[in-house]
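Everything below concerns the one structure shown next.
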Protein chains: 2
Amino acid sequence: MRPFSKSIDMLREVGLRPTRQRMALARLLFDHEDRHVTAETLHAQARNEEIKVSLATVYNTLNQFRDAGLVREVVVEPGRSYFDTNVDNHHHFFNVDDGVLSDIPVTDVTVTSLPTPPAGTVIDRVDVVVRVSKRA
Amino acid sequence: MRPFSKSIDMLREVGLRPTRQRMALARLLFDHEDRHVTAETLHAQARNEEIKVSLATVYNTLNQFRDAGLVREVVVEPGRSYFDTNVDNHHHFFNVDDGVLSDIPVTDVTVTSLPTPPAGTVIDRVDVVVRVSKRA
DNA sequence: GTGTTTGCAAAGTGTTTGCAATTTA
DNA sequence: TAAATTGCAAACACTTTGCAAACAC
């Protein structure tokens with residue numbers, strides 16, 4: 001298998017040109033499972049690994065990946081977006097002390113009896129965020 | 001009962017001076033139940049009702065009310081904070097098409113089998129957001 | 001009168017965008 | 001070489017802050 005071919009295929013499938021920046025970010029995101037990044041943290045990691053990419057491109061790329069369904073955007077704090085590489089149905093812990101977001105195994109939380117949505121609307125998705133903090 | 005005495009008492013109880021601006025905003029917020037406002041929408045409403053208050057004061061007041069436990073901050077969209085006058089345990093619908101946030105009656109959603117929080121942390125609160133959109 | 005609060009404008013934070021230069025196919 | 005993408009800096013939307021004037025007690 002040629003190097004990077006997985007990233008190339010993934011990008012081609014969603015109609016994005018496999019540029020150097022997009023492939024590098026795809027590898028950072030998808031070589032390990034269940035990552036939770038912000039544009040800033042992903043950009044910092046890229047810099048650490050000597051990948052040349054601007055912060056604007058990181059923002060644009062994350063938005064394109066989200067639109068393509070490769071990552072999911074998670075909003076838990078005002079003024080900051082997290083992107084989750086796990087796009088399956090699942091929920092989150094959010095540590096309000098250090099801002100760390102982590103997955104809750106699907107089996108560990110169960111929402112029973114979903115409410116009837118307001119007239120004229122349908123349910124897109126149910127997000128459960130369990131806010132945690134340091135034990136007192 | 002003297003006018004405004006409820007607002008005065010409420011503010012005194014949480015250690016905030018009952019200024020003209022804080023009393024006016026308290027009345028807008030608490031004279032009707034279960035309001036969901038942003039700083040901008042509350043400021044707009046104040047202007048409509050001829051209440052003189054700056055946007056900065058609306059922001060500061062909402063933050064003070066939140067710190068005092070009079071309102072709850074709800075984050076569902078990047079770059080915008082909603083404040084909910086219902087501080088009891090409950091959940092939300094969020095209409096992604098028009099940005100309208102509404103309460104889910106407590107009895108209409110049940111989260112069973114809460115997950116074990118990460119080591120060294122305790123659960124502060126569980127937020128369920130049901131994202132809805134116009135029926136296709 | 002003394003300390004608190006307000007309003008304004010400026011600053012701050014995270015994010016998006018216009019456009020020339022570069023890269024991809 | 002034609003179209004897409006990048007990077008920079010400027011623009012943006014929302015929110016916070018510094019400070020002098022106004023207000024509460």
Side-chain angles (χ1 to χ4, degrees), chain A residues 2 4-5 7-26 28 36-47 50-68 70-71 73-83 99 101, chain B residues 2 4-5 7-26 28 36-47 50-68 70-71 73-83 99 101:
Chain A
R2 288 191 313 285
F4 316 150
S5 67
S7 293
I8 290 181
D9 292 347
M10 169 184 276
L11 292 171
R12 284 238 168 79
E13 268 169 36
V14 297
L16 293 171
R17 280 192 184 180
T19 64
R20 185 172 46 72
Q21 290 88 340
R22 291 208 271 238
M23 288 195 293
L25 295 175
L28 290 184
H36 299 89
V37 304
T38 65
E40 292 279 1
T41 63
L42 185 59
H43 184 240
Q45 193 192 355
R47 287 216 114 273
E50 321 271 315
I51 296 164
K52 280 190 57 193
V53 59
S54 73
L55 181 57
T57 296
V58 174
Y59 272 106
N60 292 335
T61 301
L62 284 171
N63 287 339
Q64 292 158 349
F65 283 9
R66 176 204 53 216
D67 293 345
L70 300 178
V71 299
E73 187 170 6
V74 184
V75 187
V76 284
E77 271 189 317
R80 174 177 276 90
S81 272
Y82 289 79
F83 292 87
L101 193 69
Chain B
R2 287 190 312 286
F4 316 147
S5 66
S7 294
I8 290 181
D9 293 346
M10 169 184 277
L11 292 171
R12 284 239 168 78
E13 269 168 36
V14 298
L16 293 171
R17 279 193 184 178
T19 64
R20 184 172 47 73
Q21 289 86 340
R22 290 208 270 238
M23 289 195 292
L25 295 176
L28 291 184
H36 299 90
V37 304
T38 64
E40 293 279 0
T41 62
L42 185 59
H43 184 241
Q45 192 192 354
R47 287 214 115 275
E50 320 271 313
I51 295 164
K52 278 190 58 189
V53 59
S54 72
L55 181 57
T57 295
V58 173
Y59 272 107
N60 292 335
T61 301
L62 283 171
N63 287 339
Q64 292 158 349
F65 284 8
R66 176 203 53 215
D67 293 345
L70 301 178
V71 298
E73 188 170 6
V74 183
V75 186
V76 283
E77 271 191 318
R80 174 177 278 91
S81 272
Y82 289 80
F83 293 87
L101 193 70

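All values reported here derive from a predicted model rather than from experimental measurement.
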Would you tell me if any nitrogen or oxygen in the side chain of A/Arg20 comes within less than 4.0 Å of OP1 or OP2 on C/dT23? no

Roughly how many Å is it from CG in A/Leu55 to C1' in D/dC8, rounded to a whole number? 11 Å

Comparing nearest nucleotides in DNA chain C, the 5'-proximal residue of the pair A/Tyr82, B/Thr61 is B/Thr61

So, is A/Gln21 close to the D/dG7 phosphate, meaning a side-chain N or O under 4.0 Å from OP1 or OP2? yes

Who pairs with C/dA9 - Watson-Crick or G-U, where each distance is under 3.5 Å: D/dT17

Reported CG-to-CD distance for the pair A/Leu101 and A/Glu77, which is rounded to 0.5 angstrom: 9.5 Å

Ignoring hydrogens and geometry beyond distance, is a side-chain donor-acceptor pair present between B/Ser81 and B/Glu73 at under 3.5 Å? yes

Heavy-atom nearest nucleotide on DNA chain D for B/Thr19 versus B/Ala56: which residue maps closer to 5'? B/Ala56

Any side-chain N or O of B/Tyr59 under 4.0 Å from OP1/OP2 of D/dT16? no

When all nucleic acid strands are considered with a 4.0 Å heavy-atom cut-off, which category describes B/Arg12: base, sugar-phosphate, or nothing? sugar-phosphate

Would you indicate what B/Arg80 reaches in the nucleic acid, counting non-hydrogen atoms under 4.0 angstrom: base, sugar-phosphate, or nothing? sugar-phosphate

B/Arg17 CZ to C/dT6 P: how many Å, rounded? 10 Å

Let me know the distance between CG of A/Asn63 and P of C/dT16, rounded to the nearest Å. 5 Å

Euclidean distance, atom CD of residue B/Glu40 to atom P of D/dT16 [Å, nearest integer]: 12 Å

One should read off an interatomic distance between A/Met23 CE and A/Leu16 CG, to the nearest 0.5 angstrom, of 12.5 Å

Calculate the interatomic distance between A/Leu62 atom CG and C/dT17 atom P; express it in whole Å. 15 Å

A/Met23 CE to D/dT6 C1', straight-line distance once rounded to whole Å: 14 Å

When rounded to whole Å, the CD to C1' distance for the pair A/Gln64 and D/dA4 reads 10 Å

Test B/Val74 against B/His36 for side-chain contact (heavy atoms from CB on, under 4.5 Å), laying out the working first. CA-CA 9 Å; B/Val74 183; B/His36 299 90; 5.6 Å; no

Look at the side-chain N and O atoms of B/Thr57 and state whether any lies under 4.0 Å from the OP1 or OP2 oxygen of C/dG7. yes

For a quick test of reading the model, state the closest non-hydrogen atom pair linking A/Val53 to A/Ala46 and the distance between them. CG1-CB, 3.8 Å

A/His43 NE2 to C/dT15 P, in whole Å, measures 13 Å

Using a 4.0 Å heavy-atom cut-off, does A/Thr38 contact any base of the nucleic acid, only the sugar-phosphate backbone, or nothing at all? nothing

Does C/dG14 have a Watson-Crick or wobble mate here (both distances under 3.5 Å), and if so which one? D/dC12

Base, sugar-phosphate or nothing for A/Pro78? Non-hydrogen atoms, less than 4.0 Å. nothing

Run B/Val76 and A/Val75 through side-chain contact (heavy atoms from CB on, under 4.5 Å) and show every step you take. CA-CA 6 Å; B/Val76 283; A/Val75 187; over 6 Å; no

Base, sugar-phosphate, or nothing for A/Asn60, non-hydrogen atoms under 4.0 angstrom? base

